[in-house]
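First the proteins, then the strands, lettered A, B, ... as listed; each starts at 1. These numbers were taken from a predicted model, which means no experiment stands behind them.
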There are 2 protein chains.
Amino acid sequence: MKKTPRARQRNALSREQIIQTAITILDDLGEAGLTFQALARSLATGAGAIYWHVENKDDLLIAACDVVIERALDANVGLTPEEEICSIGLGIFDALDLHPWMGSVLSHAAGSMPTIRIIERIGNQVRALNVVEEWSVVSALLSYIVGVAAQNAANAQFALRKGLNRSKFLGEIATLWAALDPDQFPFTSSIASKLPGHDDRADFVAGIRLLVGAIRRGVDDAS
Amino acid sequence: MKKTPRARQRNALSREQIIQTAITILDDLGEAGLTFQALARSLATGAGAIYWHVENKDDLLIAACDVVIERALDANVGLTPEEEICSIGLGIFDALDLHPWMGSVLSHAAGSMPTIRIIERIGNQVRALNVVEEWSVVSALLSYIVGVAAQNAANAQFALRKGLNRSKFLGEIATLWAALDPDQFPFTSSIASKLPGHDDRADFVAGIRLLVGAIRRGVDDAS
DNA sequence: TCCAATTATGGAATGATGTTCCATAGCGCA
DNA sequence: TGCGCTATGGAACATCATTCCATAATTGGA
């Protein structure tokens, strides 16, 4: 037996501890706030020591993302497949809203753990719907959910970096859009006023329902 | 009159020239390849000079993105609104596939020019459909199109960075997924084999058609 | 035509970051 | 007690974006 992971140092530095600390820093200071120096300071150690437990920054970010995603997905059961898919989507939307740094991580984490977890949850519900092209449907739902949630998170992150709250941020964009040349950008300039009061979360669910409804209809048509 | 933008230096350094060179570098070397040093070398100047024409790297990236998006959107006319929306989506999908670096730029460019251009094009078509909740619909389409296209581009970028071509990359992920514990990840492990042969572009259009169809149906139901 | 102001340049400095290196400390085991 | 493995932490390194600054080119006015 070579593998005896018993107590090592006095104050053991563990991968889990590193990931948790990273999440705290990311939540508090945003994506740019997580540096190996800051992380080392928080953990009262040096940057080099962290690399013993973590491959590199990407590895750390994906691991952090995975922890949060796992938590976000463990709730909701006993609903219809359609409602469950909405619930999964909302769970991810809210998680990204709370942890905006996850957006860019999820985008660069193709095929890795956090994505797999989401696919698995959606996939099981889609399978329960007896769809023919399972993977196409799951792929579309995954892309929509992650894509929209990430977009929303990016706005939050952007607002945070500029020290504005969400509504101030949307107000600034609205002002910008309202000032556009109405001849060149008739639609965008006309829609500007509706931007601040807009409920992104509600539209997000509406989009999922649209997709799920269309899928359901496809199944019904075939039968 | 203070503003006389006539010929300045012998070999004038212009914003347009900088942006074009940046696009070339981004296409050739990927996102990480664009540094101010590399850009200065290509332009036979110093890094400092570039800052006279460009605010910072984000500004440059957004401007580069805008040029490509503008080109990608200037085609197609004379179709039905539904088909035009599909066509716009495909234009963006293909542009991101050809220029994978645009994915992360578009995600961080909320409310700025490239996004405005897309919204404008989609918005005009949606308006032609006489939808009640215009902005909600446009918002959903925008998110889906940019989200899915960016996700696809991220895969391409990731594959590029690992020196693999697209199918080798998908094959690697498929192997990874196939090796998952079937008890813990029944869906993902079962779907692994279908990953490499999968046509993302076709599914992308299918998703748009699903959304557009649902919107259309909503309009018909109301009338 | 010459001069001062403005516009523009390019290369050197700055500061921050991810990552690697390395001397050494803690710990289990013989 | 000493050998070897696991860990540690801080210094060193290379790379960037960005800022600074001395100075060149150009222009508009006297």
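The side chain of B/W52 approaches C/dT7 more closely than any other nucleotide in the set D/dA17, C/dT19, C/dT7. Residue B/K57 has its side chain nearest to D/dC16 when only C/dT9, C/dT19, D/dC16 are considered.
In this structure, the CZ atom of A/F36 is 12 Å from the C1' atom of C/dT20, given to the nearest Å. In this structure, the CG atom of B/N56 is 5 Å from the P atom of D/dT18, given to the nearest Å. In this structure, A/D58 atom CG and C/dT19 atom C1' are separated by 13 Å, rounded to whole Å. Following rounding to the nearest Å, A/R41 (CZ) and D/dA11 (P) show an atom-to-atom distance of 14 Å. Look at CG on A/D59: it is 10 Å from P on C/dT19, rounded to the nearest Å. Rounded to whole angstrom, the span from the CD atom of A/E55 across to the P atom of C/dG18 amounts to 16 Å. Regarding B/E31, its CD atom lies at a distance of 11 Å from the P atom of D/dA17, rounded to whole Å. In this structure, CD1 of A/I18 is placed 11 Å from C1' of D/dT8, rounded to the nearest angstrom.
The shortest distance between the side-chain N/O atoms of B/H53 and the OP1/OP2 oxygens of C/dT7 is not below 4.0 Å.
The side chain to side chain donor-acceptor pair (under 3.5 Å) check on A/E31 picks up A/S104, A/Q157, with sequence neighbours excluded.
Side-chain contact between A/I25 and A/R41 is absent, with no heavy-atom pair separated by less than 4.5 Å.
Side-chain atoms of A/N124 come within 3.5 Å of backbone N or O of A/E120 as a donor-acceptor pair.
Both A/T35 and A/G48 lie near DNA chain C, and the one whose nearest nucleotide falls closer to the 5' end is A/T35.
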Which donor-acceptor pairs under 3.5 Å do the side chains of residues 106-118 of chain B make with protein atoms, sequence neighbours left out?
from	atom 1	to	atom 2	distance (Å)
B/S107	OG	B/G103	O	3.0
B/S112	OG	B/A109	O	2.8
B/T115	OG1	B/A109	O	3.0
B/R117	NE	B/D66	OD1	2.8
B/R117	NH2	B/D66	OD1	3.4
B/R117	NH2	B/D66	OD2	2.7

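Contact annotation for A/L34: backbone-only contact, meaning every heavy-atom pair under 4.0 Å involves sugar-phosphate atoms and none involves a base. Here A/L39 lies out of heavy-atom contact (under 4.0 Å) with every strand.
Across B/S136, B/S139, B/S143, a single residue satisfies side chain to side chain donor-acceptor pair (under 3.5 Å) together with A/D203, and that is B/S136.
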